[in-house]
Amino acid sequence: MLEFNTLDDFDFRGKTVLLRVDINCPLHKDTLEIEDDNRIQQIMPTLKELLQKGAKVAILAHQGRPGDWDYIPLDKHAKVISRLLGRGVKYVDDLLGKTALDAIRSIPPGEVIVLKNVRDLPYEQDKKTMEEHSKMELVTTLSPLFDIYVNDAFGASHRSQCSLVGFQAILPSAAGRLMEKELKALGQVFSNPARPSVFILGGAKFGESVKVVDRVIGKKIADWVIIVGVTGNAFLKARGVKLGAPSEELLAKEMTPEDLEAAKILLLDKGGKIILPYDVAIEVDCRRRDILVGDLPQDHPVLDIGRSSIEKFSRVIAGAGTVFMSGPAGMIEKEPFALGTKDLMLAATHSKAYTVIGGGHTAAAAEKFGLFHKFSYVSTGGGALETYLLGKPLPVVEALKAAKSRKCPSK
Ligand code: 3PG
Ligand code: MG
């Protein structure tokens, strides 16, 4: 039995539903058009189910942060939803004024409107508890107009923000299908993984990675951890390898001396479960050149794992029961250095393992390589996934659990 309600726990016919989603999308820098609408696609099962069941739905969401270049209104998002639904969707450029309240009151059953970017409210992003947020104007004004609150914003579930946790204190609340799916997929990897369980951790967030590696080996979630990308370089450095000036300079930006010390201890403690690259690819005159780790340091930057490492790692992946991958193995923006990431993904998708990938760059890479749909599950989480990986509670999930334990009857 789940600790929170899902769409199965309510009768939605004729009910007015406030649906909080995470459709915060990457935008094109110049045109500000939505560049990747995956997060919008992923909320469609929940939206379609609510509409089919006869609910009147108002979508509450954010895009960017006030002051940032990608902070834009949600009319473009409403258009994508409209395209995916195959019918018009009204965008209401208001949240708490008469326009918004009238629009909410007049939603026909089976229809949806999109409200204004919720980060327009100065207090939206305040980090407060569910009870504190439930007293804010957003919650006190909108709650009386809604019967049920549905949260499908897994990507923002690490934020204890007003629209994400405040309503659960007042309204009967449920997790949407995406939230359910994300937690189920991650639960399968982290609670009961088919063995051997192989984690491939890459990217540049070295400090976080040290903690994640420590946790997944310490808690016996992972049998093997393959470390690649900038993080792989950092672990090589922690093992005493001198990388050369260009790579060391890049690393200096990503890690503190404390992180490096923590990685050294981790290698001593749990090194038997950690697999690092044997060879790497450096960039010489805009070309890829594979060299052994023993041939470092070099005056050329290390931008990918080498071909022998790819081969060896692929064999480990081929025998896995579970594969979890987060973070690229190399600089995927430069074609020759996308090889490691692509081949490790190919190995994962060709294996019989249950495969989950996550993190913005990783999902985008899978899409670029045409492998997105070959994984068992692709998480929409970036920061939320990191929080989950570290074993920290997700405030939105905690609020949904609290709402269920209040045993609010279905309205
Ligand atoms: C995200 O993309 O990380 C989520 O939508 C949360 O947004 P934030 O990082 O701006 O809080
Ligand atoms: Mg973020």
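Atoms within each ligand, like the ligands themselves, are counted from 1 in listed order.
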Quiz item: Are the aromatic ring centres of Phe146 and Phe167 under 6.0 angstrom apart?
Solution: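 For Phe146 and Phe167, the ring centres are not under 6.0 Å apart.
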Quiz item: Is the gap between the ring centers of Phe154 and Tyr388 under 6.0 Å?
Solution: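 Distance test on ring centres: not under 6.0 Å, no.
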Quiz item: Between Glu386 and ligand 1, which residue portion shows a heavy-atom distance shorter than 4.0 Å: side chain, backbone, both, or neither?
Solution: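 No part of Glu386 comes within reach of ligand 1.
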Quiz item: So, is Asp22 polar-close to ligand 1, with some N/O to N/O distance under 3.5 Å?
Solution: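 There is such a contact, yes.
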Quiz item: Can you name the closest pair of heavy atoms from Tyr278 and Ile275 and give their distance?
Solution: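 That closest heavy-atom pairing would be OH-CG2, 4.2 Å.
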Practice problem: Kindly compute the distance separating CD (Gln168) from CZ (Arg20), expressed to the nearest 0.5 Å. | Solution: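 Atom-to-atom, Gln168:CD and Arg20:CZ are 10.5 Å apart.
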Practice problem: Could you find the nearest protein heavy atom to atom 8 (P) of ligand 1 and give me its residue, atom name and distance? | Solution: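 Checked against all protein heavy atoms, atom 8 (P) of ligand 1 sits closest to Arg65 NH2, 3.4 Å.
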Quiz item: Of the protein's non-hydrogen atoms, which lies at the shortest distance from atom 2 (O) of ligand 1, and what is that distance?
Solution: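 Of every protein heavy atom, Arg39 NH1, 2.9 Å lies nearest to atom 2 (O) of ligand 1.
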Quiz prompt | NZ/NE/NH1/NH2 to OD/OE distance under 4.0 Å, Lys211 and Asp214 | solution =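 Salt bridge between Lys211 and Asp214, a charged N being under 4.0 Å from a carboxylate O: no.
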Quiz prompt | ligand 1 contacted by Gln125 (non-hydrogen, < 4.0 Å) | solution =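 The answer is no: ligand 1 sits nowhere under 4.0 Å from a heavy atom of Gln125.
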Practice problem: Can you sort out which atoms of ligand 1 are near Arg159, meaning under 4.0 Å from one of its heavy atoms? | Solution: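 Every atom of ligand 1 under 4.0 Å from some heavy atom of Arg159: 8 (P), 9 (O), 11 (O).
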Quiz prompt | Test: Lys79 cationic atom under 6.0 Å from Tyr91 six-membered ring centre, within 45° of axis | solution =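 Lys79 over Tyr91 ring: no.
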Quiz item: Nearest to atom 3 (O) of ligand 1 by heavy atom, Gly382, Ala156, Gly155, Gly381: which?
Solution: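 Considering heavy atoms of Gly382, Ala156, Gly155, Gly381, the nearest to atom 3 (O) of ligand 1 sits in Gly155.
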Quiz prompt | Residue selection (non-hydrogen contact nearest atom 7 (O) of ligand 1) among Gln63, Gln161, His62 | solution =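 The nearest heavy atom belongs to His62.
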